[in-house]
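Remarks on the structure that follows.
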Amino acid sequence: MRTRALLLTIAGAMLGLSPVRAQVIVVHSAAKIAEISRSDLRDIFIGASTSFRDGSRAIPVTLKDGPVHEEFLKNYLGRSNTAFLALWRALLFAGHGTMPQAFDTEAMLIDRVASAPGTIGYIGVSTKCEKVKALVVK
Amino acid sequence: MRRVPALILAATLGAGSVLAQQAPQFHGFATEGFLYSGSNNYLGMDTSSGSGAWIEAAVSGNEQISDQVRVGAQVHFTRLGKFGDSIASVDWALVDWKLNQRLGLRAGKVKIRWGLYNDTQDADPGYLWSLLPESMYAVDVRATNLSQYGAELYGGQRLGDKLGEFAYSLYYGYYFYAPNDGYMEGFREQGLSFTKRPGGITPGFDLRWKTPVKGLMLGGSLMLYNASGNLVNGAFRQPLTYWPAYYAQYDIGKLSLVGQYMRLVQYTDLAIAGEARSIALSDSRAWFSMASYRLTDKLQIGAYHTRYLVTSSGQESDPANHFYDSVVSGRYDVNSYFYLKLEGHYIDGNGLGFYGFDNPNGLKPHTNLLVAKVGFSF
């Protein structure tokens with residue numbers, strides 16, 4: 001059994017599958033949703049979806065860089081920052097949309113989410129987020 | 001009273017909306033490609049001596065007027081040896097009204113969705129590959145089919161957890177053969193000289209199904225087009241042509257597998273003074289399969305094989321009637337702005353991408369090609 005578990009872990013690592021880590025997904029405090037699926041979250045952040053399950057508009061916002069940003073991309077999108085940017089640039093250069101608004105700090109991102117209904121972002125698990133609503137990721 | 005129109009305009013455009021609060025976005029890229037081939041010259045360049053005559057650049061601007069309305073435009077410059085622009089041209093320029101997830105409308109000069117990559121094929125920063133499969137996304141003729149003057153309805157619908165979801169694009173517009181690409185060179189080499197460049201309508205659709213199987217997407221496209229143009233000594237016409245493509249993509253973690261098939265049956269009707277009217281049939285089929293894998297955050301590798309056959313020739317083994325390309329490729333992202341690409345091709349046949357003007361002594365049946373590229377995007 002140990003060998004099998006080890007092989008599965010190695011196979012998972014080779015395919016870029018990693019366990020969920022500690023980021024908090026945040027939305028505007030007036031949002032009606034309380035949870036989001038991993039696939040919906042991924043679709044919103046790769047530009048494949050522009051709405052939540054309840055039909056309301058979803059607008060992704062991101063951090064520009066840093067460990068929280070990179071961990072989020074890796075854990076929920078399965079992509080590096082360069083792959084993430086390449087994906088959005090392909091959409092942008094084809095005229096299909098605009099890049100998500102990116103912020104230098106988590107405080108700036110929280111301020112944006114707190115003031116803009118429909119936005120969805122992420123912060124580190126240790127960051128205070130009273131101004132915004134945290135979502136449960138299923 | 002003057003405030004009334006302003007208030008109506010603000011209400012219409014949603015001046016207080018979330019997206020409209022964002023600053024206009026400006027992005028761009030520039031690439032330089034170097035090609036070296038062991039024998040034949042390829043893609044209108046002197047590749048057998050080594051050529052760096054492949055330069056591309058683009059700048060786009062987007063302004064989100066409201067949560068639902070965006071305006072944007074992109075200018076693009078391509079120089080591919082003999083082909084391409086002497087100045088930058090408008091790649092797309094549009095108004096995009098996205099009512100909701102299910103329905104959006106783009107109007108203006110709009111990219112055409114056909115197969116997996118038609119609308120994004122001139123956005124080099126988005127790809128591992130230096131050259132997409134020539135069998136369907138030929139860089140020397142892409143300018144003609146990239147975009148159309150018209151409108152596109154687009155959107156998607158979730159079908160539930162057990163059925164996945166679909167996305168669609170439905171379009172109608174007008175297009176013209178690009179003034180200086182491989183199509184026009186091919187016509188010139190057939191002795192055709194135009195006084196009015198061919199153009200016509202180009203309706204079509206694309207439908208993609210994101211299946212319940214995680215990472216698996218299936219899709220199909222159909223582009224229709226016709227063309228008419230005036231020759232110095234006659235008329236050129238292509239009746240309505242159906243150009244279907246079927247494709248699949250499977251992403252699992254760092255691995256991506258892709259396949260696509262297409263068939264094109266095209267008639268070309270030439271009425272030339274002093275000659276009998278001729279109607280030529282070209283029936284061609286092509287497919288490609290690709291695999292790519294992200295080794296590290298910065299390094300991605302991949303390989304693809306593509307085949308193109310002119311089945312109407314009846315002599316598919318003749319190198320002029322087929323094009324097989326086996327490719328290995330790598331991309332290294334130096335940082336978020338700069339990247340390097342290196343790609344090797346083994347080409348069997350010369351049914352695509354090879355021209356008489358830069359191969360005056362004829363073509364050899366096989367071509368080895370090395371492509372190196374450096375790119376910058378912001």
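For the numbers below, each heavy atom of this structure counts, side chains included, while hydrogens, waters and symmetry mates do not. Nothing here was measured: the structure is a model prediction, and the numbers come from that model. A note on names: the letters A, B, ... follow the listed sequences, proteins ahead of strands, and every chain is numbered from 1.
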Proximity breakdown for [X] and chain A, heavy-atom pairs closer than 4.5 Å:
X      : answer
B:Q101 : both
B:Y339 : neither
B:F26  : neither
B:R106 : side chain
B:S60  : side chain
B:Q300 : neither
B:D91  : side chain

Of the non-hydrogen atoms in [X] and [Y], which two are nearest, and what is the gap between them?
X      : Y      : answer
B:R294 : A:S80  : NH1-OG, 3.9 Å
A:A86  : B:P125 : CB-O, 3.5 Å
A:F93  : B:W92  : O-NE1, 2.9 Å
A:D43  : B:K210 : OD2-NZ, 2.6 Å
A:S49  : B:R158 : OG-NH2, 3.4 Å

Specify which of A:G118, A:S115, A:A48, A:A83 makes the most heavy-atom pairs with chain B at under 4.5 Å. A:A83
Between A:A58, A:S37, A:S51, which residue shows the highest count of heavy-atom pairs closer than 4.5 Å to chain B? A:S51
Chain A contacts, top residue of B:R331, B:K98, B:H76, B:K298 (heavy-atom pairs, under 4.5 Å):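 Greatest number of close heavy-atom pairs with chain A: B:K98.
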I'd like to know whether OH of B:Y149 has more than 12 heavy-atom contacts from other residues, nucleotides or ligands below 6.0 angstrom. no
Has B:F378 got more than 12 heavy atoms of other residues, nucleotides or ligands less than 6.0 Å from its CZ? yes
About how many Å separate [atom2] of [Y] and [atom1] of [X], when rounded to the nearest 0.5 Å?
X      : Y      : atom1 : atom2 : answer
A:T82  : B:D297 : OG1   : CG    : 6.0 Å
A:Q101 : B:Q64  : CD    : CD    : 11.0 Å
A:R89  : B:Y127 : CZ    : OH    : 15.5 Å
B:Q25  : A:T98  : CD    : OG1   : 4.5 Å

For A:L87, is it the side chain, the backbone, both or neither that has a heavy atom under 4.5 Å from a heavy atom of chain B?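 Nothing of A:L87, per the 4.5 Å heavy-atom cut-off to chain B.
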Tell me, for A:R79 versus chain B, whether the close heavy atoms (under 4.5 Å) come from the side chain, the backbone, both or neither.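 Contact with chain B: none, neither part.
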Which of residues 110-123 of chain B have a heavy atom under 4.5 Å from any heavy atom of chain A? B:K111, B:R113, B:D119, B:T120, B:A123
Close side-chain approach of B:N62 to A:M99, heavy-atom, < 4.5 Å: no
Who passes side chain to side chain donor-acceptor pair (under 3.5 Å) against B:K109, sequence neighbours left out? none
